[in-house]
J.: 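The structure is given below, and queries will be raised subsequently.
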Amino acid sequence: QVQLVESGGGLVQAGGSLRVSCAASGRTFSNYAMGWFRQAPGKEREFVAAISWSDGNLYYADSVKGRFTISRDISKNAVYLQMNSLKPEDTAVYYCAVKKGQLDAFGSWGQGTQVTVSS
């Protein structure tokens with residue numbers, strides 16, 4: 001079992017920056033990847049970014065490429081999302097998740113952290 005706790009959300013003006021964090025506890029050493037997803041009111045949860053835990057390969061949604069950066073701290077079992085040049089459409093609850101194996105889906109969702117970007 002893996003438990004995830006997101007933090008760092010808040011209110012920021014368009015063009016600003018914010019960094020959200022995800023701390024993982026429990027059985028984390030076998031994780032294949034960790035990622036960030038977001039969900040705005042009335043919309044489906046969407047993929048934002050992911051990082052392979054073993055080799056550090058990075059994956060981003062087209063909507064955030066060049067603006068967001070995902071990173072990891074293996075020793076702390078943590079993953080971060082640095083969000084720059086924020087836009088109002090980035091407003092959402094941001095969730096982190098784990099991918100236990102190559103053939104597994106992301107899961108073990110945390111409680112989420114609210115990011116609000118004002119226009």
Side-chain angles (χ1 to χ4, degrees):
Q1 296 292 319
V2 177
Q3 296 80 46
L4 304 175
V5 179
E6 300 95 336
S7 62
L11 175 64
V12 64
Q13 289 188 317
S17 298
L18 204 62
R19 191 192 204 196
V20 291
S21 302
C22 175
S25 61
R27 193 174 184 271
T28 63
F29 55 85
S30 63
N31 288 347
Y32 182 78
M34 295 189 69
W36 286 96
F37 294 73
R38 65 188 182 187
Q39 187 169 23
K43 300 184 67 176
E44 295 293 316
R45 181 150 51 194
E46 65 175 345
F47 169 78
V48 176
I51 183 168
S52 171
W53 211 247
S54 60
D55 58 18
N57 285 346
L58 307 176
Y59 306 88
Y60 295 98
D62 288 341
S63 60
V64 305
K65 285 181 179 177
R67 300 189 298 120
F68 291 10
T69 303
I70 188 171
S71 61
R72 60 175 176 165
D73 187 332
I74 296 177
S75 66
K76 296 181 179 179
N77 292 317
V79 64
Y80 310 94
L81 186 68
Q82 178 67 47
M83 301 179 288
N84 299 326
S85 301
L86 282 162
K87 305 174 181 179
E89 50 263 45
D90 295 318
T91 295
V93 177
Y94 282 70
Y95 299 90
C96 64
V98 298
K99 188 178 179 69
K100 296 298 293 183
Q102 184 176 10
L103 303 179
D104 295 323
F106 280 99
S108 300
W109 309 99
Q111 84 287 350
T113 186
Q114 177 71 49
V115 173
T116 302
V117 184
S118 62
S119 60

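As the structure is a prediction and not an experimental result, all values here were calculated from the model. Note: hydrogens, waters and symmetry copies are ignored here, and every other heavy atom, side chains too, is used.
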J.: Go through Asp90 and Lys87 one step at a time and tell me if the salt bridge (Lys or Arg N to Asp or Glu O under 4.0 Å) criterion holds.
T.: CA-CA 5 Å; Asp90 295 318; Lys87 305 174 181 179; over 6 Å; no

J.: If you measure from CZ on Arg72 to OG on Ser52, what distance do you get to the nearest 0.5 Å?
T.: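 Those atoms lie 6.5 Å apart.
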
J.: Picking from Asn84, Val20, Leu86, what satisfies side-chain contact (heavy atoms from CB on, under 4.5 Å) with Phe68?
T.: Leu86

J.: Before you tell me yes or no, could you show the steps for Trp53 and Val98 under side chain to side chain contact (heavy atoms under 4.5 Å, CB included), namely the whole-Å CA-CA distance, both residues' side-chain angles and the distance that decides it to 0.1 Å?
T.: CA-CA 10 Å; Trp53 211 247; Val98 298; over 6 Å; no

J.: Same hydrophobic cluster for Val12 and Val64, using side-chain heavy-atom links shorter than 4.5 Å among ILVMFWY?
T.: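 Yes, because Val12 and Val64 connect within a single hydrophobic cluster, where side-chain heavy atoms sit under 4.5 Å apart.
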
J.: Would you compute the distance between atom CD1 of Ile51 and atom CG of Leu58 and round it to the nearest 0.5 angstrom?
T.: 5.0 Å

J.: Among Arg67, Met83, Gln82, find the one that has a side-chain contact (heavy atoms from CB on, under 4.5 Å) with Ser17.
T.: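 When side-chain contact (heavy atoms from CB on, under 4.5 Å) is applied between Ser17 and each of Arg67, Met83, Gln82, only Gln82 qualifies.
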
J.: Going only through I, L, V, M, F, W and Y residues with side-chain contacts under 4.5 Å, is there a path from Val2 to Ile70?
T.: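 Hydrophobic grouping puts Val2 with Ile70.
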
J.: Indicate yes or no for a side-chain donor-acceptor contact from Thr91 to the backbone of Val117 under 3.5 Å, with no hydrogens or angles considered.
T.: yes

J.: Sub-3.5 Å donor-acceptor pair from the side chain of Thr113 to the main-chain atoms of Gly9, do we have one?
T.: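 Looks like yes, one N/O pair under 3.5 Å.
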
J.: If we only count heavy atoms from C-beta on, is the Ser63 to Arg38 side-chain gap below 4.5 Å?
T.: yes

J.: If every non-hydrogen atom of Gln39 is compared with every non-hydrogen atom of Lys43, which pair is closest and at what distance?
T.: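 In this case the closest contact between Gln39 and Lys43 is NE2-O, 3.1 Å.
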
J.: Please determine whether residues Trp109 and Tyr59 belong to a single hydrophobic cluster, defined as Ile, Leu, Val, Met, Phe, Trp and Tyr linked transitively by side-chain heavy-atom distances below 4.5 Å.
T.: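 Same cluster.
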
J.: Working to the nearest 0.5 angstrom, can you tell me the gap between Lys99 NZ and Tyr32 OH?
T.: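 That separation rounds to 7.5 Å.
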
J.: Would Thr69 and Tyr60 satisfy side chain to side chain contact (heavy atoms under 4.5 Å, CB included), going step by step from the backbone distance to the final call?
T.: CA-CA 8 Å; Thr69 303; Tyr60 295 98; 3.8 Å; yes

J.: Which atom names give the shortest non-hydrogen contact between Ala14 and Pro88, and what distance separates them?
T.: CB-CD, 4.1 Å

J.: Is there a path of hydrophobic side-chain contacts, each under 4.5 Å between heavy atoms of I/L/V/M/F/W/Y residues, joining Met34 to Phe37?
T.: no

J.: Looking at Glu6 and Gln111, would you say the former's side chain and the latter's main chain have a donor-acceptor pair under 3.5 Å?
T.: yes

J.: Is there side-chain contact between Cys22 and Tyr94, with at least one heavy-atom pair below 4.5 Å?
T.: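 Cys22 vs Tyr94: side chains apart.
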
J.: Same cluster or not: Leu4 versus Phe106, using hydrophobic residues (I, L, V, M, F, W, Y) connected whenever any side-chain heavy atoms lie under 4.5 Å apart?
T.: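 Hydrophobic grouping puts Leu4 apart from Phe106.
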
